[in-house]
Amino acid sequence: MLEDKNISSYSRSSNCFEKPHAQEDILEQKRTELEDMFTVSADMLKTITQDFIQSLKDGLEKKDQTVPMFPAFVFGWPTGKETGHYLSLDLGGTNLRVCLVDLKGDGKFDITQSKFRLTDEQKHQDGKDLFDFCAKCVKDFVNKHFGSSSSIKDPISLGFTFSYPMVQEKIDHGKLVRWTKGFDNPNTEGKDCAEMLRASLKRFDVPVHLTSIINDTTGTLIASNYVSSDSKIACIFGTGCNAAYMEHVSNIPKLKGFDIPEDTDMAINCEYGAFGSYGSPVLEPVRTKYDEYIDSHSNKPSEQMYEKMISGMYLGEIFRLILCDLVDDGVLFLGQNTYKIEKPFVFDTAFLSLIESDPTDELLTVMGLFSYFFNLDTEIKERLFFRRVAQLIGLRSARLSACGISAIALKMGYDKEGCHVGCDGSLYSKYPGFADRLHEALVDIIGEGGRKIHSRQAEDGSGAGSAVIAAMTKARKEAGHIAHR
Ligand code: BGC
């Protein structure tokens, strides 16, 4: 399976017929090797974090840096009093959602939504077709909740949450820099995706007015702060990973010439999943041959290096590659047909959650999972081994995730004054122990100050956050404050 076999010392020359079961001593040896490979010490975390801080600063300083630090054109925090009805369209990594958000003020809101699972085909079709699909979904939603389009006199405000790296010059403009999370729709990179969506909405005669385009982290930052004003950083740990925070414009040298007062604050979409892309001396020592394999076989080699070690899209695949390696080496599933598990990306990260949280002594959930999805019989010693491997992958993800948060916190001095980090995404919400592991690593990196940085489940950034930003933008423009952006 993997070209480089240097961690596998077991040889196929062992007689399979005499050894129908996985050998305990070899599994033991493999476990030790994997523990060495996947353990990231406190010192390593600290070194990575220091380099991360420099990457954040570089991104604020100049354009086209590895961690791009995109200004999001959301100026300052919400008041918590924003009100009104807004539509939002959320194009994330896995689903497309259309939401109607009722902002009630006082940090409260209601959401009504429709959700569509994106197909693989949609992730690769022409960009125009993808945005046409989005427009059709918005139209159906509007028809359902507002009556037929023709009866609507004033266009309804629509915020677009587009969770991919995009460079912005104003709030309703966003040029896609590159696709991530396995998308590669042609004729989209380098284009203004707000404009592409506008064209699709027009083609389908949808009575909406696109007011803003935001990243999911920016939405999460604002939604979390709307509800509780001590939330200063937002992170997504889902299919992809990323963070946003609020920066002083005086600390963003690359904004010179944008005619924005220096005493303003601006949300920054860090796009820090790109940390370490195109090679990083600090990330390299913790990358394994499985990370290298995933990267070189991805549709975007050398990109999103940090994300590929952390996010939900890849953890299950890392686990699967380890298993396939051991199948190739004659250690696992001897005499069984392994074709089902040999298919790339067939091992969902949700399976790792299940493996880690199996409450039975015999690990019966794990047994059922392998039998049901992959037609494979397992022994208890193999299942214990699988659980350890899942722990190693999940723990490394959480510990590395702490580096990005620490970098922002240290840069902004939040280790001293303390803050909450609003987190969302399936890994954060559903992976057992992820938050505890993250908190431990924050202390490993920052020391006692790490205890002042506390993550918690965020509000729905892509829905509610988008609506709050629409309301803030409307108020800002009506007040004539930086109205040109
Ligand atoms: C994207 C980010 C996004 C993150 C979480 C990454 O792949 O580049 O824009 O915020 O995933 O959805």
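Note that these values count all heavy atoms, side chains included, but never hydrogens, waters or copies made by symmetry. No experiment lies behind these values; they were computed from the predicted model shown.
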Give the intermediate values and the outcome of salt bridge (charged side-chain N to carboxylate O under 4.0 Å, His left out) for residues Arg97 and Asp460. CA-CA 12 Å; Arg97 282 191 315 151; Asp460 175 357; 2.9 Å; yes
Is atom NZ of Lys477 surrounded by more than 12 heavy atoms (other residues, nucleotides or ligands) closer than 6.0 Å? yes
Any side-chain donor paired with an acceptor under 3.5 Å for Tyr278 and Glu303? yes
Euclidean distance, Met246 CE relative to Asn225 CG, rounded to 0.5 Å: 7.0 Å
Are side-chain N/O atoms of Ser455 and His420 paired as donor and acceptor at under 3.5 Å? no
Output yes when a side-chain donor or acceptor of Lys452 lies under 3.5 Å from a complementary backbone atom of Lys416, and no otherwise. yes
In plain terms, say whether Asp325 and Arg320 are close enough for a salt bridge, that is, a side-chain N and a carboxylate O under 4.0 Å apart. no
Side-chain heavy-atom pair Leu60, Leu56 within 4.5 angstrom cut-off: no
With the side chain counted from C-beta on, respond yes when Ser231 and Leu221 share a heavy-atom pair under 4.5 Å apart, and no when they do not. no
Any chance the rings of Phe162 and Tyr164 have centres within less than 6.0 Å? yes
Would you say that more than 12 heavy atoms from the other residues, nucleotides or ligands in this model lie under 6.0 Å from the NZ of Lys170, or not? no
N/O donor-acceptor pair under 3.5 Å between Arg178 side chain and Pro165 backbone: no
Is there a donor in the side chain of Asp424 and an acceptor in the side chain of Gln457, or the other way round, less than 3.5 Å apart? yes
Give a yes or no answer on whether the side chain of Tyr431 reaches the backbone of Ala398 with a donor-acceptor pair at less than 3.5 Å. no
So CZ of Phe133 and CG of Leu91: to nearest 0.5 Å the spacing works out to 9.5 Å
With the side chain counted from C-beta on, respond yes when Thr188 and Cys193 share a heavy-atom pair under 4.5 Å apart, and no when they do not. yes
Minimal heavy-atom distance between Cys423 and Phe237, with the atoms involved, is SG-CE1, 4.0 Å
Main-chain N/O of Ile469 paired with Thr473 side-chain donor or acceptor, under 3.5 Å: yes
Any side-chain heavy-atom pair from Asp90 and Phe160 closer than 4.5 angstrom? no
Taking the basic N atoms (NZ, or NE/NH1/NH2) and the acidic carboxylate oxygens, is any pair closer than 4.0 Å for Asp58 and Lys62? no
Run Glu440 and Arg399 through salt bridge (charged side-chain N to carboxylate O under 4.0 Å, His left out) and show every step you take. CA-CA 8 Å; Glu440 262 174 46; Arg399 286 176 71 74; 5.3 Å; no
Starting from the C-alpha separation in whole Å, work towards a yes-or-no answer on salt bridge (charged side-chain N to carboxylate O under 4.0 Å, His left out) for Arg451 and Glu448. CA-CA 6 Å; Arg451 294 191 202 285; Glu448 278 309 298; 3.1 Å; yes
Going through the checks in order, is the side-chain contact (heavy atoms from CB on, under 4.5 Å) test met by Val74 and Met266? CA-CA 6 Å; Val74 174; Met266 160 98 80; over 6 Å; no
In short, Ile171 meets Gln168 closest at the heavy-atom pair O-NE2, 3.7 Å
Taking the side chain from Glu189 and the backbone from Pro186, do they hold a donor-acceptor pair closer than 3.5 Å? no
Any side-chain donor-acceptor pair under 3.5 Å between Ser302 and Ser277? no
Do Val249 and Phe258 have side chains that approach each other closer than 4.5 Å (heavy atoms only, starting at C-beta)? no
For Phe131 and Met196, work out which heavy atoms get closest and say how close. CD1-CB, 3.7 Å
Trace of the side chain to side chain donor-acceptor pair (under 3.5 Å) decision for Thr217 with Asn215: CA-CA 5 Å; Thr217 55; Asn215 185 258; 2.5 Å; yes
Derivation and outcome, side chain to side chain donor-acceptor pair (under 3.5 Å), residues Thr365 and Asp358: CA-CA 6 Å; Thr365 312; Asp358 189 338; 3.1 Å; yes
Carboxylate-amine/guanidinium proximity below 4.0 Å for Lys254 and Asp64: no
Distance-only side-chain donor-acceptor flag, Lys308 / Ser298, under 3.5 Å: yes
Electrostatic pair Lys30:Glu33 at N-O distance under 4.0 angstrom: yes
What one should report as the nearest heavy-atom pair of Tyr414 and Ile453 is O-CG1, 4.0 Å
I want to know whether Tyr245 and Trp77 have ring centres closer than 6.0 Å. no
Distance-only, no hydrogens or angles: does the Thr349 side chain make a donor-acceptor pair with backbone N or O of Gly316 under 3.5 Å? yes
In short, Leu438 meets Ser401 closest at the heavy-atom pair CD1-CB, 3.7 Å
Testing the basics here: between Pro71 and Leu255, what is the closest heavy-atom pair and its distance to 0.1 Å? CG-CD2, 3.9 Å
I'd like to know if the side chain of Asn185 reaches the main chain of Gln125, judged simply by a donor and an acceptor atom lying under 3.5 Å from each other, with no hydrogens or angles considered. yes
Hey, mind stepping through Ser462 and Asp216 against side chain to side chain donor-acceptor pair (under 3.5 Å) and telling me if it holds? CA-CA 5 Å; Ser462 308; Asp216 51 359; 5.2 Å; no
Would you indicate whether the side-chain heavy atoms of Val101 and His85 approach each other to under 4.5 Å? no
Give a yes or no answer on whether the side chain of Asp184 reaches the backbone of His124 with a donor-acceptor pair at less than 3.5 Å. no
Is Lys300 atom NZ crowded by more than 12 heavy atoms from other residues, nucleotides or ligands, each under 6.0 Å away? yes
How are the rings of Phe434 and Tyr428 set to each other: parallel, tilted or perpendicular (split at 30° and 60°)? perpendicular
Salt bridge flag under 4.0 Å for residues Lys411 and Glu247: yes
Do Thr218 and Asn269 have side-chain atoms, one donor and one acceptor, less than 3.5 Å apart? no
If you round to the nearest 0.5 Å, how far is OG1 of Thr66 from CE of Met305? 11.0 Å
Salt bridge check: are Glu356 and Arg437 linked by an N-O gap of less than 4.0 Å? yes
Heavy-atom count check: over 12 atoms from other residues, nucleotides or ligands less than 6.0 Å from Lys123 NZ? yes
Short question: side chain of Lys430, backbone of Ala350 - any donor-acceptor pair under 3.5 Å? no
Show, in sequence, the C-alpha distance, side-chain angles and deciding distance for Phe52 and Tyr306, and conclude whether the ring pair (Phe, Tyr, Trp, His ring centres under 6.0 Å) test is met. CA-CA 11 Å; Phe52 220 124; Tyr306 182 60; 5.1 Å; yes
Do the charged groups of Glu292 and Lys289 touch, with an N to O distance under 4.0 Å? no
Are Asp192 and Lys175 within salt-bridge range, i.e. N to O under 4.0 Å? no
Do Lys81 and Asp106 sit within salt-bridge range, that is, some charged N less than 4.0 Å from a carboxylate O? yes
May I ask you to test the Ile268-Phe70 pair for a side-chain heavy-atom distance under 4.5 Å? no
Side-chain touch Gln304/Ser311, heavy atoms, less than 4.5 angstrom: no
Expected output: side-chain Arg396 to main-chain Val286 donor-acceptor under 3.5 Å: yes
